[in-house]
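Convention: sequence-line order gives letters A, B, ...; per-chain numbering from 1. Just so you know, these numbers use all the heavy atoms, side chains as well, and skip hydrogens, waters and symmetry mates. Here the structure is a predicted model, which means the values were calculated and not measured.
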2 protein chains.
Amino acid sequence: MRLSTRGHYGLKAMFDLAQNYGSSPIPLKAVAQRQNLSEHYLEQLIAMLRKAGLVNGVRGAQGGYVLAREPSKINVGDVIRALEGPIAPVYCVSEENPGACDEADNCITRTVWARVRDGIAAVMDAISLADLCREAEEGSYICKGKLPE
Amino acid sequence: MRLSTRGHYGLKAMFDLAQNYGSSPIPLKAVAQRQNLSEHYLEQLIAMLRKAGLVNGVRGAQGGYVLAREPSKINVGDVIRALEGPIAPVYCVSEENPGACDEADNCITRTVWARVRDGIAAVMDAISLADLCREAEEGSYICKGKLPE
DNA sequence: CATAATCCGAGCAGCATGCTAAGATTTCCT
DNA sequence: AGGAAATCTTAGCATGCTGCTCGGATTATG
């Protein structure tokens, strides 16, 4: 039940771009340094985000990346789906193209996974990049230590 | 964001045991056949469930497995944690022993993962094996086809 | 004592992850 | 014009996890 680093790093990068939204394009090198990520690896992640229409690249010197739309119009679910594919605790309840049960599949467990899927999606779709920026601004989060249990 | 087959198959097996709760021990072979799973593979999964105290094994002929407590006292979260480890979309918000942020980790994203974690746990902890048996009994589920979007 | 079952551990092919590396291309700035 | 800064593209690769299989040891029943 784990996210890969793609989603993890990718959201950090998108948050970084959201914080700098409105200014000139942000080069990946700056994002990588601020977020402490490998620049080359980030290139691959941002390519996926670009293909998903979430960011635009600006080539050449003084180029970089810019969010394709306002931070309030991009939510965590968008970012994660672009990087990790459709949300699906198991293949047969994937958000897109859910595989059919095989004969003996007992669908009771499917209803569980569908509810888990919807729970995850509900959380992710309710948080926009703008929300994250605002929370960071307000300092309304616990940081530099353990999260509360 | 996927469950491995351990959680998937393991819950099916536990549901099977729950449906047969109260009778004599159920041999794994029967579970494997009904749920269409590899018996040898199931052995490994059930070993994890046994170590977690969720099932008891009865050795020898006419042996098998029995739930360690009433189906209403075992929920989906128990099963999944036994098979997949603590719920943690990313390592730094694991339910147990959450790793500390490294210096540059931007904790805003951590709050997202913590909320996702809690969302998953809330769903899983709210469903008991008894609930699943009751739903199966009532037929209050959509089966043999696609789940509703 | 044969049979049915749980237990235990080793092994292993295949796949996804998380990178690194090397370059081709585009654009800005001087 | 030309160099520098950046995006883009493709390939490759080590490592670890997954999803099994296999063989056997142990224990109880009848």
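- By the salt bridge (Lys or Arg N to Asp or Glu O under 4.0 Å) test, K29(B) pairs with no residue at all, sequence neighbours left out.
- Considering only side-chain N and O atoms, R6(A) lies nowhere under 4.0 angstrom from the phosphate OP1 or OP2 of dG18(C).
- Contact check, S38(A) against dG18(C): no side-chain N or O comes under 4.0 Å of OP1 or OP2.
- Across the protein-nucleic acid pair, H40(B) atom NE2 and dG11(C) atom P stand 17 Å apart, rounded to whole Å.
- For the pair E84(A) CD and dG18(C) C1', the computed distance is 12 Å after rounding to whole Å.
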Solution key, residues 69-77 of chain A side-chain donor-acceptor pairs under 3.5 Å, sequence neighbours excluded:
from, atom 1, to, atom 2, distance (Å)
R69(A), NE, K73(A), O, 3.0
R69(A), NH2, K73(A), O, 3.3
E70(A), OE1, S72(A), OG, 3.3
N75(A), OD1, G77(A), N, 3.2
N75(A), OD1, D78(A), N, 3.0

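- Nucleic acid contact class of I46(A) (heavy atoms, under 4.0 Å, all strands): none.
- Going from atom CD of E39(B) over to atom C1' of dA5(C) covers 9 Å, rounded to whole Å.
- Listed by first and then second residue, the side chain to side chain donor-acceptor pair (under 3.5 Å) pairs involving residues 39-51 of chain B are T5(B)-Y41(B) (not counting sequence neighbours).
- By the side-chain hydrogen bond (donor to acceptor under 3.5 Å, both in side chains) test, S24(B) pairs with no residue at all, sequence neighbours left out.
- To the nearest 0.5 angstrom, Y65(B) atom OH is 6.0 Å from I46(B) atom CD1.
- When the side-chain nitrogen and oxygen atoms of Y65(B) are compared with OP1 and OP2 of dA5(C), none of them lie within a distance under 4.0 Å.
- Between the OH atom of Y9(A) and the C1' atom of dC19(C) there is a distance of 10 Å, given to the nearest Å.
- Note: CG (L17(A)) to C1' (dT7(D)) measures 14 Å, nearest angstrom.
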All N/O pairs under 3.5 Å across the protein-nucleotides 10-14 of chain D interface:
from, atom 1, to, atom 2, distance (Å)
dA11(D), N6, Q44(A), NE2, 3.3

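- Among residues two or more places apart in sequence or in another chain, the side chain to side chain contact (heavy atoms under 4.5 Å, CB included) test is passed with L37(B) by Y9(B), Q35(B), L42(B).
- The side chain of R50(B) contributes an N or O atom lying less than 4.0 Å from OP1 or OP2 of dC8(C).
- Residues that satisfy the side chain to side chain contact (heavy atoms under 4.5 Å, CB included) test with V90(B), not counting sequence neighbours, are L3(A), H8(A), C92(B), V93(B), W113(B).
- The same ILVMFWY cluster, assembled from side-chain heavy atoms under 4.5 Å apart, contains both I120(B) and I127(B).
- Between the CG atom of L3(B) and the C1' atom of dC17(D) there is a distance of 15 Å, rounded to whole Å.
- Positionally, the nearest nucleotide of DNA chain C for L28(B) lies more toward the 5' end than for the other of T5(A) and L28(B).
- Between L45(B) atom CG and dC7(C) atom C1' the separation is 14 Å, expressed in whole Å.
- With sequence neighbours excluded, no residue forms a side-chain hydrogen bond (donor to acceptor under 3.5 Å, both in side chains) with N20(A).
- R81(A) meets the side-chain hydrogen bond (donor to acceptor under 3.5 Å, both in side chains) test with E95(A), D125(A); sequence neighbours excluded.
- If you measure from atom CG of L83(B) to atom P of dG19(D), you get 12 Å, rounded to the nearest angstrom.
- Axis angle, first five pairs versus last five pairs of the helix from dC1(C)-dG30(D) to dT30(C)-dA1(D): 10°, rounded to 10°.
- Out of dG23(D), dC8(D), dG19(D), the shortest distance to the side chain of Y41(B) is found at dG19(D).
- Side-chain contact check for M124(B) versus I87(B): some heavy-atom pair is nearer than 4.5 Å.
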Detail all sub-3.5 Å separations between protein N/O atoms and N/O atoms belonging to nucleotides 26-28 of chain D.
from, atom 1, to, atom 2, distance (Å)
dT26(D), O2, R59(B), NH2, 2.8

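- Partners of A52(B) by side chain to side chain contact (heavy atoms under 4.5 Å, CB included), not counting sequence neighbours, listed by chain and number: L54(B), A82(B).
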